[in-house]
Amino acid sequence: MAMRIIRRQLPIAITFLTGMIFLSEWFVTGTVLTSFTTGLSNFVQSVHVFVFAFAAINLTIVHVGRIRRQLRAERRDLTEMLLSGYLLVLMYLVGLVGAYYGHVRMKIPSAVPEYLWWFNNWELPCEATAYAGTLFFVLAAMYRVFKIRSRETAVLVISGIIAMLGTTPLIASSWQGFFQLGEWLDRTIVTAANRAIMIGIGIGTILMGIRTLLAMETGYLGAKEE
Amino acid sequence: MKISFVDTLGLWIAAILTIGITSIAFKETLFSRWSERSYLATATAVSIAWFPTNLDRYILKRISPGGVWTPIGPTGGYIFVVFAVLVGLMAYGRYSRKYFWLYRYMLSLGVGTGVGVAMRGAIGANFIDQIKATFLNLLVPGDVYTSFNNIVMWVTVLSCLSYFIFTIKTIEHPTARMVSLLGRYLLMIAFGVSFGIANPTRINQYAGRIVFLLQEWLKLQA
Amino acid sequence: MNLAIGEQLLQVQQAFAKGKAFDLIILVAVWLLALYFMRFRKREIWIRRLPALDFIEECAGRAAEMARPLMYNIGGGGPEDVNAPATVASLSVLGYVARLTARHGVELIAPMRVQASIPMAQEVIRTAYAMEGKSDVYETKMEEMLIWAPQQSNQVALIQRTKPAVSIMIGPFWHESVQLAEISQRLGAVQIGGTNRLVQIPFFAAVCDMCLIGEEVFVVGAYLSRSTPMLGSLAAEDWFKVMAMFFGILGTALATMGPVFVKPFMDLFVW
Amino acid sequence: MVEKPEVEEKTIWHKLEDLPVSSLFLLVILSMCLTTLYPLGLPVPITKMSKDTFDAVNTLPQGSYIWIYNGYGSGTLAVHEPGLIVILRHAIQKGFKIILFSDSGPIMLFPRVLDAIKPDLERAKYVYGKDWVYLYIPGGEPVWATVFLDVWSVVMVEKDGIPFEKLPLMVEIKERGSTYKSMHIVYCQTAGSDVVDAFVRQVNVRYQAVTGVRLIFQILELMVPPARPYYEAGNTQGIMNGGLGAGEYETLLGRPGGGLKVTDLLSLAQLITIAYWAVGNVGFMMRRRITEQKRRD
């Protein structure tokens, strides 16, 4: 019973209390509650210093596990093993170089040329390309999925193509029709539809929040173990 | 301008990684797997590199905010920091079979904050402000265009809202069904326009990579 | 120092205490109505069908038939940001899906983007398998089930490698939505998508076979559990949408009559 | 396996519907390369939204305080970097005091921006710490809320660890009282719509009535439709529409840069996409017609 309280009831109570404090602070700004929420958000920030380091530890556990499984397996996938090892070595090399020079020498990693070299030539192109690479998936979806299958998809596809034609400078600079039609759709129907979805999401969030605070949705704690 | 060997090496690595990550969209190969792992490694390395700086600024400096030793306050204090460190360390409880429930304390603090912040935003910005924005003048004197636009917007908001009704049985009525069907079609138009705009967005972003490859790496000028 | 902050806060309070009274009234009203429907409404509550959720069971069967895995993605929202409600909602679907995969003997893959979500998902899956009496399966397969894939390219690569028969994505998603949906579509997977994030809904609507739009994401927990209190909270939600529509009609009528008429009504909203 | 019905049915329409997507990818990349090397130089039509954004900055008097949240990562570099550079150039030209603040990611990307604006800084004789400053502030909405109330209570040092006491600009802000009194315009660059909501709440809803603070954004093109309700309702004074918007701003300021460069690449790539879409749809419809005819026979 005592264990149950410590393991389950107390976390639920904490959720309820923090949620209610943040919610009440919105209405009575500037009382003792505000300094409480400020303190709490500073606290969460301090806690996050540790969660920040979580990523590296997690990755290490996952990949060391993978390498060990490969070592035990009958048919070894050598490339997989090498790739995992490569990942770990690269991560710690870059991370520790950055941490050492960054903290000991300059107090901030972004001021260290050695670390900036890594960042600019490894991290930056990777992230920029991965993010921009969404282009290829949008293109593929345009070609493969954007088909007039039914009346509903016809509406979706045709308005999409109008919007696209409107944002093509080559067309917009010679004939403004698509540009204006796209702009009109954007200003009326799209704005209004988004408004309706926003109202729905708003009320849905409130009710979902109430259910969470009242411990009806406890998915985040895992299911009951007793 | 003198370009050192290290800079050239960096340029080549950046270019190879750019091509490698792009190739993921085409097909899975050894090259794409290598670039994916490199990405994961360097992205995680950032968290290691910033750890001492963050530790110094958000834990050590907060023990005595402003150089004064205070037990607890909104910006720090030693009791405050001890608690923060304890809760932060609880997150690691999940690696233990016996003490896995420890992580729940950190999580419940997080979920409480998240839900509270989400709810307070939802009432004002999402619910009330948007209802207020639907108060439209449907018959603007002497301005047919604006009146028409307002009527379109008003019909769209109401019919789309009716599409989101779940438990009131009246929506099964044929007339109500027509309205919510209209709402669905209008939603589809909105989605179509949003999807269409995604294409230029992504082309713009990829353009940065193309400019890098051609002008910085291959040194081709327009 | 502290006193100075206190003084400043007092000034802020004097300046901003206005404008939130109506918010508070609405919140209290929602809360009370929800409590009423949860506690005292004994009559059974009807709920309209959500085809996307009914489709999940069929999907699990399909994955079993094809002997290919089922992928469930809970999205990239952390438990401590504003997307917490959607993440919590998504976890309840994960529980349902995990029970189905345990029952049909389908391999479940759940890529995780946020580290803080991993322990939550782990717990949910563990209990689901235990409820179906398949704890042993969970113990041996756990590492292949929960895969930490923090970047979008890791998730895409994971889909390319495992070739799932079904891909379910419910929760908060960012730009990766279209990447994940398109690549699984290209590899022939059946897909169910759903997100609370306005910007990403169109991609799921266009690419996925079934789609949950906006608010429908928050309904899933209640829809799948079918318990009266949960459905009751949905009824409360609906009445507030009806109220929003009523306000919309009333406000527009007043606005059409003239700015003099709508002014008092507008003032109520910023009270 | 003797009959192979699928293979027999394969017509030209099947092929049109099922062209390899890599061909589309390659064509689009090729077209983008071509337009980079041989720019079309098409003019960008100026929308009202971009004009409003420009005016929001342009109409402020000299010596105003501009707060810039450059919350972008490497992913949206191509769009947000021109947006930051052009705003900084404009602010320096107008003689504003500049306070930049961000998380760790953008700090790493800042040296690139600094290289670009160095001539402007030197020409205007801007001194770091006196005329502009860069703060490292990790955290989300609750933290920003406190920053706008009292920045001194959240951080005590700027990004390189120089204490605020040694920075005349930060001392000046402290002397002016609560931080929001030293905020005339806030420029927020982001790729997350949650951040847009947060800034509207924390800057516009809280302080506009008191200090008349202006709020402008640079967000991605696809985030503009959901954010437009805020613009129409006056919650934000302007939105820079991604790369297109940066291009328009550069045109308005008369300083062409990265924004116009990326916008120029749109035309050809989009037309190729639309052509592929049309081909795919024709193939799909013709195939469907044939299938239906066969079923009727």
Side-chain angles (χ1 to χ4, degrees), chain B residues 21 24-25 27-28 32-33 35-36 39-40 43-44 65-66 73-74 91 94 100 103-104 106-107 109-111 113-115 117-119 121 123-124 127-129 131-132 134-139 154 157-158 161-169 171-172 187-188 190-195 198, chain C residues 1-2 5 20 22-23 26-27 45-48 78-85 88 116 118-120 122-123 150-151 153-154 156-157 160-161 178 199 201-203 205-206 213-216 219 231 234-235 237-239 241-242 244-245 247-249 251-252 254-256 262 265-266 269-270:
Chain B
I21 299 273
I24 292 177
K27 203 165 176 272
E28 197 192 15
S32 77
R33 268 163 83 190
S35 351
E36 179 217 332
Y39 175 23
L40 186 55
T44 321
R94 80 175 191 88
F100 71 94
Y103 83 89
R104 287 180 178 172
M106 205 205 103
L107 213 59
L109 201 67
V111 172
T113 315
V115 167
V117 172
M119 278 173 82
I123 312 162
F127 193 64
I128 290 175
D129 284 1
I131 294 176
K132 202 174 75 187
T134 39
F135 298 171
L136 299 163
N137 189 348
L138 299 187
L139 296 168
W154 188 68
V157 171
L158 289 189
L161 259 183
S162 76
Y163 173 75
F164 287 110
I165 283 177
F166 301 105
T167 65
I168 298 171
K169 215 168 178 179
I171 58 159
E172 293 282 283
L187 281 175
M188 286 301 151
F191 293 159
V193 172
S194 302
F195 196 106
Chain C
M1 180 80 183
N2 277 342
I5 294 178
K20 284 180 190 149
F22 193 67
D23 294 28
I26 292 279
L27 182 68
I45 292 164
W46 174 86
I47 183 163
R48 112 171 130 82
E80 68 278 320
D81 55 29
V82 286
N83 293 302
V88 174
I118 299 175
M120 305 200 276
Q122 203 176 356
E123 282 290 288
Q151 314 291 352
S153 27
N154 303 131
V156 169
Q160 283 174 335
R161 200 161 53 234
V178 67
V199 183
I201 299 171
F203 302 106
I213 299 165
E215 196 192 348
E216 293 176 340
V219 175
L231 289 179
L234 292 191
E237 212 171 304
D238 278 350
W239 284 110
K241 261 168 280 166
V242 171
M245 287 161 85
F247 275 153
I249 294 170
T252 307
L254 290 172
T256 311
V262 76
F265 196 57
M266 282 279 221
F269 275 72
V270 290

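Residue numbers start from 1 in every chain, and the chains themselves are labelled A, B, ... in the order their sequence lines are given, proteins ahead of strands.
- Using a 4.5 Å cut-off between heavy atoms, C:Ala235 touches chain B through backbone and side chain atoms alike.
- Comparing B:Glu172, B:Arg33, B:Met188 by heavy-atom pairs within less than 4.5 Å of chain C, the highest count is held by B:Glu172.
- Among C:Asn83, C:Asp238, C:Ile201, the residue making the largest number of heavy-atom pairs under 4.5 Å with chain B is C:Asp238.
- From C:Ile118, atom CD1 reaches atom CD of C:Glu123 across 13.0 Å, with rounding to the nearest 0.5 Å.
- A pairwise comparison of heavy atoms in B:Ala43 and C:Gln151 identifies CB-NE2, 3.2 Å as the closest pair.
- With a threshold of 4.5 angstrom between heavy atoms, C:Ile26 approaches chain B through side-chain atoms but not through N, CA, C or O.
- Heavy atoms only, all atoms of each residue included: C:Arg48 and B:Ile165 are closest at NE-O, 3.0 Å.
- Taking every heavy atom of both residues into account, C:Val199 and C:Pro202 meet most closely at O-CD, 3.3 Å.
- Interface check for chain C: of the options B:Tyr163, B:Phe135, B:Phe164, the most heavy-atom pairs under 4.5 Å are formed by B:Phe135.
- Of the possible polar contacts, none joining the C:Gln160 side chain to the B:Ala25 backbone as a donor-acceptor pair under 3.5 Å is found.
- Between chain C and the residues B:Thr167, B:Leu138, B:Leu40, the largest count of heavy-atom pairs under 4.5 Å involves B:Thr167.
- Contact count against chain C (heavy-atom pairs under 4.5 Å) is highest for B:Leu136 among B:Ile131, B:Leu136, B:Ile21.
- Options C:Ala84, C:Ser153, C:Pro85 differ in how many heavy-atom pairs under 4.5 Å they form with chain B, and the most are formed by C:Ser153.
- B:Trp154 is listed as a side-chain neighbour of C:Ile249, based on a closest heavy-atom distance under 4.5 Å.
- Contacts with chain B were tallied for C:Ala244, C:Ala206, C:Gly214; C:Ala244 has the most, counting heavy-atom pairs under 4.5 Å.
- Between chain C and the options B:Ile128, B:Ile171, B:Thr44, B:Ile123, heavy-atom pairs under 4.5 Å are most frequent for B:Ile128.
- Looking at every heavy atom in both residues, B:Glu28 comes nearest to C:Ala157 through OE2-O, 4.2 Å.
- Across every non-hydrogen atom of B:Thr113 and B:Leu109, the tightest pair is OG1-O, 2.7 Å.
- What you find for C:Pro150 and C:Asn154 is that their closest heavy atoms are CD-OD1, 3.7 Å.
- Among residues two or more places apart in sequence or in another chain, the ring pair (Phe, Tyr, Trp, His ring centres under 6.0 Å) test is passed with B:Phe195 by A:Phe146, C:Phe203.
- At a 4.5 Å heavy-atom cutoff, the contact between B:Ser162 and chain C is made by backbone and side-chain atoms alike.
- Side chains of B:Phe166 and C:Glu215 form a contact here, defined as non-hydrogen atoms less than 4.5 Å apart.
- Looking at C:Leu254, neither its backbone nor its side chain comes within 4.5 Å of chain B, counting heavy atoms on both sides.
- The choice from C:Val242, C:Leu27, C:Leu231, C:Val178 that makes the most heavy-atom pairs within less than 4.5 Å of chain B is C:Leu27.
- The residue among C:Val262, C:Val156, C:Ile213 with the most heavy atom pairs within less than 4.5 Å of chain B is C:Ile213.
- For C:Ile45, the part lying under 4.5 angstrom from a heavy atom of chain B is the side chain only.
- Between chain C and the residues B:Leu139, B:Leu187, B:Thr134, B:Leu161, the largest count of heavy-atom pairs under 4.5 Å involves B:Leu161.
- Residue B:Ala190: no heavy atom, backbone or side chain, is found under 4.5 Å from chain C.
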